[in-house]
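A quick write-up on the structure given underneath.
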There are 2 protein chains.
Amino acid sequence: MARSRRSPSNDAPARGALLDAAETLMLEEGYAAVTTRRVAARAGVNNGLIHYYFGTMDSMFVDLFRRSVGRSFAQMPTTSSTQPLWEMWEAMRDFSGNALMSEFIALSNHRPLVREEIASQSALVREAHVVEMSRVLASYGVVEPEASPAAIGLLMMGTARFLQMEAAFGLTVGHDDLIQVIERRIAMLEGDRIRTA
Amino acid sequence: MARSRRSPSNDAPARGALLDAAETLMLEEGYAAVTTRRVAARAGVNNGLIHYYFGTMDSMFVDLFRRSVGRSFAQMPTTSSTQPLWEMWEAMRDFSGNALMSEFIALSNHRPLVREEIASQSALVREAHVVEMSRVLASYGVVEPEASPAAIGLLMMGTARFLQMEAAFGLTVGHDDLIQVIERRIAMLEGDRIRTA
DNA sequence: GTCTATAGCTGGATAGAC
DNA sequence: GTCTATCCAGCTATAGAC
C-alpha cells in the first residue's frame, strides 16, 4: 500500500512521541504541566512541531483523549470471556486511564472543545457498557428490577474510580471491606476468580 | 473583646472577598482560571492584595480548601437527626463542594502543599464519617460483616460523586435506577424520607 | 490597607531558514 | 519535517507611593 503524501502525516514517529510525552506529563504532573515547550522537550523535538501536527493545544488534547478512549475500548472484555464480570471489574479498577480521565475532566472545565469530546465519547462508551452488561446478566438469569444492568455498571465504575482517587491520597479506610462486598456478589454469579496468568 | 491588631487581619472584608472570588472562578472555569489578576479583578481589588493577605497562591489555595472543609463539617447531620442516613445521602449528593473538590484534586497534582492539605483533612473527614455511620447502623441493629459502616459510607460517597460528575457531562443513563437501589436500602432502615421543608 | 509600576518569567503561536 | 528566532500575552511576585 503506497504511503499517502498528505501533510502532516498521521503516523509520523514525532507525532506519536508528542502524544506519549503529553500523556506522561499529564499523569505525572497534571494537565497544567502539559505546555508546548515541556511536551516538546520531553519528546525530544522542537515545540514548533506541536503546531505543525496538531494546530493548537486544544486540538492536541482532543487527539490525546481519542487515543486513550480507543485503547480502553480495545481492552473491554470480549463476548467470549469465561468470567466477564470479573474482567470488567478488573478493567475498571486497574485501568490507568482512570487517572488520565480525572485530568481530562478537570481540563474540560476551561476547554470547551475537550468538554464536547468527552461528553460525546463517554456516551458511546457507556452505551457499549450497558449493552455488554445486559447481555451478561441475562445469561446468568439475573432479572430486574432489583438492579438494572445500567445501575450495576454505574455502581462498579463509580466505586472503582472513587477508591482509586482516595488511594492516591493515601486514604484506604474501608477499601478492602467495600471491595469484598462487590466481589462477593460477582462470585455469586460466576464463581471465584480463575487466575489466567 | 478588643480587636487584635496583628496584620494582616484574618477577617478583613477584602480577604473574604478574595476567597469568594477564587471559589467562584474555580467552580465556573476551573482552577487554571484562578490567577492573581482574575481573582483580584472579580473581588474588585488590586492583585497585590493577594500577596499581602496570603503570601503565595499556594497558601491561598490551602486557605480556601480549609474554609470549604469547615463548611462541609458544619453541614454534617447531627446526632439527633431523625433520619440520619437520608440526611447523609442528601448531603453527599447535593453538596456543591463536590465540584470544588474535583478541582482541588486536580490542582493537588502539581501543588504539593495542596496535596498534603487534602490528604490530612480528608483523613479527618472520613474518620468522622465512619464514627457517625457506625453509631447510626448500630442503632438500627445492622450487623457486620455483610457491609461494614466504612464500606457503606464509601459506597454512598463514591456513587454520589460519580453520578454528579457524569451528570455534569450530560450523562444520566441508569442514574435513576442506581439512586433507587440505594434509596430503597435506606428506606428499609429508616422509612421513606420525611420532608421537613 | 490599598494602590501603581515594573521586573522577570513562561506560555502559545508564527515566520522563515534549512 | 524540523529547526531557530521572535512576537506578544499573561502570569507571580516585589518595591514603593499614598
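Per chain, numbering begins at 1; letters A, B, ... match sequence-line order. Below, each value reflects all heavy atoms present in this structure, side chains not excepted, and no hydrogens, waters or symmetry copies.
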Between D/dA13, C/dG11, D/dT2, which nucleotide has the shortest distance from any of its atoms to the side chain of A/Tyr52? D/dT2
Rounded to the Å, how far apart are B/Met57 CE and C/dT10 P? 17 Å
Begin with the C-alpha distance, continue with both residues' side-chain angles, and end with the deciding distance and a verdict on ring pair (Phe, Tyr, Trp, His ring centres under 6.0 Å) for B/His175 and B/Phe162. CA-CA 10 Å; B/His175 282 210; B/Phe162 189 61; 7.6 Å; no
Relative to the 5' end of DNA chain C, which residue comes earlier, B/Asn47 or B/Arg15, by the nucleotide with the nearest heavy atom? B/Arg15
Length of the line joining A/Arg111:CZ and C/dG11:P, which is rounded to integer Å: 13 Å
A/His51 atom NE2 is separated from D/dC7 atom P, nearest whole Å, by 17 Å
Is the distance between the ring centroids of A/Phe73 and A/His129 under 6.0 Å? no
Please state how far atom CG in B/Asn10 lies from atom C1' in C/dG1, giving the value in whole angstrom units. 15 Å
Let's see if you can work this out: which of C/dG12, D/dT2, D/dA13 has an atom nearest to the side-chain heavy atoms of A/Arg37? C/dG12
What is the distance, rounded to the nearest whole Å, between atom CZ of A/Arg38 and atom P of C/dA13? 18 Å
Is the phosphate of C/dG12 approached by A/Thr36 (side-chain N or O, under 4.0 Å from OP1 or OP2)? yes
Provide, to the nearest angstrom, the distance between the CG atom belonging to B/Leu18 and the C1' atom belonging to C/dG1. 12 Å
How do B/Gly48 and A/Thr56 order along DNA chain C: which one's closest nucleotide is nearer the 5' end? B/Gly48
Would you confirm whether A/Thr24, through its side chain, and A/Asp20, through its main-chain N or O, come within 3.5 Å as a donor-acceptor pair? yes
From C/dT14, D/dG1, D/dC11, nucleotide with atom closest to A/Tyr53 side chain: D/dG1
Cation-pi, A/Phe61 ring and A/Arg111 (6.0 angstrom, 45 degrees): no
Which residue lies toward the 5' end of DNA chain D, A/Ala14 or B/Val34, if each is placed at its nearest nucleotide? A/Ala14
Does any N or O in the side chain of A/Ser59 come within less than 3.5 Å of the main-chain N or O of A/Gly55, such that one atom is a donor and the other an acceptor? no
Which of the following nucleotides, C/dC3, C/dG12, D/dA13, is nearest to the side chain of B/Val45? C/dC3
Per atom distances to the B/Leu49 side chain, the nearest of D/dT2, C/dT4, C/dG1 is C/dG1
Rounded to whole angstrom units, what separation is found between the CD1 atom of B/Ile50 and the P atom of D/dA13? 10 Å
Options C/dG12, D/dC11, D/dC3, nucleotide nearest the side-chain atoms of A/Asn46: D/dC3
